[in-house]
Amino acid sequence: MPELPEVETTRRGITPHLLGQTIKSIVVRQPKLRWPIPGVISTLKRLKIKSIKRRGKYLLFETSKGTLIVHLGMSGSLRIVNETTPVEKHDHVDLCVSSGVILRYTDPRRFGAWLWTEDDPLTHKLIASLGPEPLTDEFNVEHLVALAKGRKIAVKTFIMNSHVVVGVGNIYANEALFQAGIHPERAAGRISKKRYAVLVTCIKTVLTRAVEQGGTTLKDFVGGDGKPGYFQQSLQVYGRQGEACCQCGNALSELRLNQRATVFCTVCQS
DNA sequence: CCCTGAACCTGACCGC
DNA sequence: TGCGGTCAGGTTCAGG
């Protein structure tokens, strides 16, 4: 479900309900996620939530004692509910705070994660090796060119690699490459610096716009405040295979790249 | 180190 | 209606 804009939309939606609150209990109904939820999480209580940050697609709930690291995987979502909200089939975790508010984690496919660390979360194994945030100056053309040197992988695979840059998933990789006019299968090491400069700008633009519009709702994604995202109206290639390219009118093509749907225009992208 | 494909899971949808 | 196959917004890991 979530790429960077959806995770950021979730973060913004839930933060006002949780910031400064004290954890009353964490109820784990199904511990089998990507990794088993550590038993210690069920024992956490009387910890104040000091901040809710995002690193890539990870949400970091910093408390007075340690940090909850939450990833939504492919189908996960977080919603603010209350004690009277009925628990449904895939509602695996509830984080209950003193105001009575509940942060409820739902994840049918269970590719997500709930982890706990008492160290600096940025040194955590899963987070320490991540590439730069795409919306900061750390993500720039020099960075991309340096990492791409000599690489033969498709540029789409390259920009979806979280060690290269975080937050770019399948939807926004397709969109950014279309806007940059770059063929998704082009070898990462065979793209000029000039074209990478355009790609950097396109990635920043598409992610920024998607965040502004509350993310993309394909199935039933809603931010923590229950509102859907509106960016799907702005998608120019994702999910539009066979339809007319908005720039040239040609039918958009589709192929599979690392088992992921890849949609592009053979006229506008090379 | 680099690259590819499998694996983790459930549900929706499509064709027979 | 049922069954099998395919696909879905992510990421790690094994193996070549």
Side-chain angles (χ1 to χ4, degrees), chain A residues 1-11 29-37 54-59 69-78 88-93 105-115 124-131 134 146-177 185-190 203 206-207 210-211 213-223 228-235 237-242 254-263:
Chain A
M1 164 198 294
E3 300 183 38
L4 184 147
E6 292 73 40
V7 177
E8 179 61 20
T9 298
T10 297
R11 190 189 71 79
R29 299 186 194 83
Q30 168 58 278
K32 292 182 192 167
L33 303 186
R34 179 71 206 273
W35 297 280
I37 298 181
R54 179 187 58 71
R55 177 73 177 96
K57 297 172 190 166
Y58 294 90
L59 286 169
I69 302 174
V70 176
H71 195 288
L72 303 180
M74 201 81 144
S75 58
S77 62
L78 289 167
E88 305 205 45
K89 189 172 179 186
H90 300 294
D91 294 344
H92 306 314
V93 185
Y105 174 73
T106 307
D107 187 359
R109 294 178 73 181
R110 292 191 270 120
F111 290 170
W114 277 64
L115 301 169
H124 189 278
K125 184 188 170 206
L126 293 172
I127 294 178
S129 62
L130 292 177
L147 285 188
K149 190 169 167 40
R151 306 279 296 269
K152 291 180 178 170
I153 49 166
V155 61
K156 175 165 179 260
T157 309
F158 179 64
I159 60 171
M160 287 179 68
N161 180 345
S162 62
H163 301 294
V164 173
V165 56
V166 296
V168 182
N170 198 39
I171 294 179
Y172 301 111
N174 278 300
E175 295 299 315
L177 287 168
E185 283 183 299
R186 178 170 284 276
R190 313 218 42 181
I203 289 172
V206 74
L207 292 177
V211 169
Q213 294 177 53
T216 299
T217 296
L218 291 183
K219 293 201 175 71
D220 52 4
F221 170 79
V222 288
Y230 293 96
F231 193 73
Q232 68 277 12
Q233 298 167 11
S234 305
L235 298 176
V237 287
Y238 184 84
R240 297 194 61 237
Q241 58 277 14
E254 181 180 28
L255 54 79
R256 311 231 122 232
L257 214 43
N258 298 87
Q259 303 124 257
R260 309 300 237 104
T262 303
V263 187

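Below, chains carry the letters A, B, ... as their sequence lines are ordered, and counting in each starts from 1.
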message = For F111(A), give me all partners under ring pair (Phe, Tyr, Trp, His ring centres under 6.0 Å), at least two apart in sequence or on another chain.
response = none
request  = Measure from CZ on F158(A) to P on dT4(B) and round the result to the nearest Å.
outcome  = 13 Å
message = Tell me if a side-chain donor or acceptor on R110(A) pairs with a main-chain N or O of K32(A) at a distance below 3.5 Å.
response = yes
message = Applying salt bridge (charged side-chain N to carboxylate O under 4.0 Å, His left out), can you list everything that pairs with R260(A), at least two apart in sequence or on another chain?
response = none
inquiry  = If you only use heavy atoms from C-beta on, which nucleotide in dC2(B), dG11(B), dG10(C) is closest to the side chain of F111(A)?
reply    = dG10(C)
Y105(A) and W114(A) aromatic ring geometry - parallel, tilted or perpendicular at 30°/60° bounds = perpendicular
inquiry  = Just to verify, what does R54(A) make a salt bridge (charged side-chain N to carboxylate O under 4.0 Å, His left out) with, not counting sequence neighbours?
reply    = E8(A), E133(A)
key: Bracket string, DNA chain B, 5' to 3' - pairs by Watson-Crick or G-U geometry under 3.5 Å, | interstrand   = .|||||||.|||||||
task = For L257(A) and dG10(C), give me the distance from atom CG to atom P, rounded to whole Å.
result = 14 Å
key: Nearest-Å distance for atom pair CD1/P, residues I171(A) and dA8(C)   = 11 Å
task = Please identify each residue that fulfils ring pair (Phe, Tyr, Trp, His ring centres under 6.0 Å) with F158(A), with sequence neighbours left out.
result = none
query = Can you check the E88(A) CD to dT10(B) P distance for me, whole Å?
reply = 17 Å
task = Quick one, give me the B/S/- string for nucleotides 11-16 of chain C, reading 5' to 3', where B means a protein heavy atom under 4.0 Å from the base and S means that only happens at the primed atoms, P, OP1 or OP2.
result = BBS---
request  = Could I get the full list of side-chain hydrogen bond (donor to acceptor under 3.5 Å, both in side chains) partners for Q213(A), not counting sequence neighbours?
outcome  = S234(A)
task = Flag yes if more than 12 heavy atoms outside R29(A) fall under 6.0 Å of its CZ atom; otherwise flag no.
result = yes
ask   = Using atom P of each nucleotide, how far apart are dA6(B) and dT6(C) to the nearest Å?
value = 13 Å
Phosphate OP1/OP2 of dG9(C): any Y238(A) side-chain N/O under 4.0 Å = yes
note = Atom CG of D107(A) and atom P of dG11(B) are separated, to the nearest Å, by 11 Å
P gap between dG5(B) and dC7(C), integer Å = 15 Å
task = Sequence neighbours left out, what passes side chain to side chain contact (heavy atoms under 4.5 Å, CB included) with K89(A)? Give chain and number order.
result = none
inquiry  = Could you work out, with salt bridge (charged side-chain N to carboxylate O under 4.0 Å, His left out) as the rule, every residue matching R151(A), not counting sequence neighbours?
reply    = none
Nearest-angstrom distance from the residue atom CD of Q30(A) to C1' of dT10(B) = 12 Å
key: Distance, rounded to the nearest Å, where R109(A) contributes CZ and dT6(C) contributes C1'   = 12 Å
inquiry  = Of the options dG9(C), dC3(B), dA8(C), whose atoms approach the side-chain atoms of K152(A) most closely?
reply    = dC3(B)
ask   = Of the candidate nucleotides dC8(B), dG9(C), dG11(B), which contains the atom at the shortest distance from the side chain of E6(A)?
value = dG9(C)
inquiry  = Using a 4.0 Å heavy-atom cut-off, does A261(A) contact any base of the nucleic acid, only the sugar-phosphate backbone, or nothing at all?
reply    = sugar-phosphate
ask   = Any idea which of dG10(C), dA8(C), dC3(B) is nearest the N170(A) side chain?
value = dG10(C)
ask   = Hey, does the side-chain of R110(A) have a donor or acceptor N/O within less than 3.5 Å of a partner on the base of dC9(B)?
value = no
request  = May I have the distance from E175(A) (atom CD) to dG9(C) (atom C1'), rounded to whole angstrom?
outcome  = 13 Å
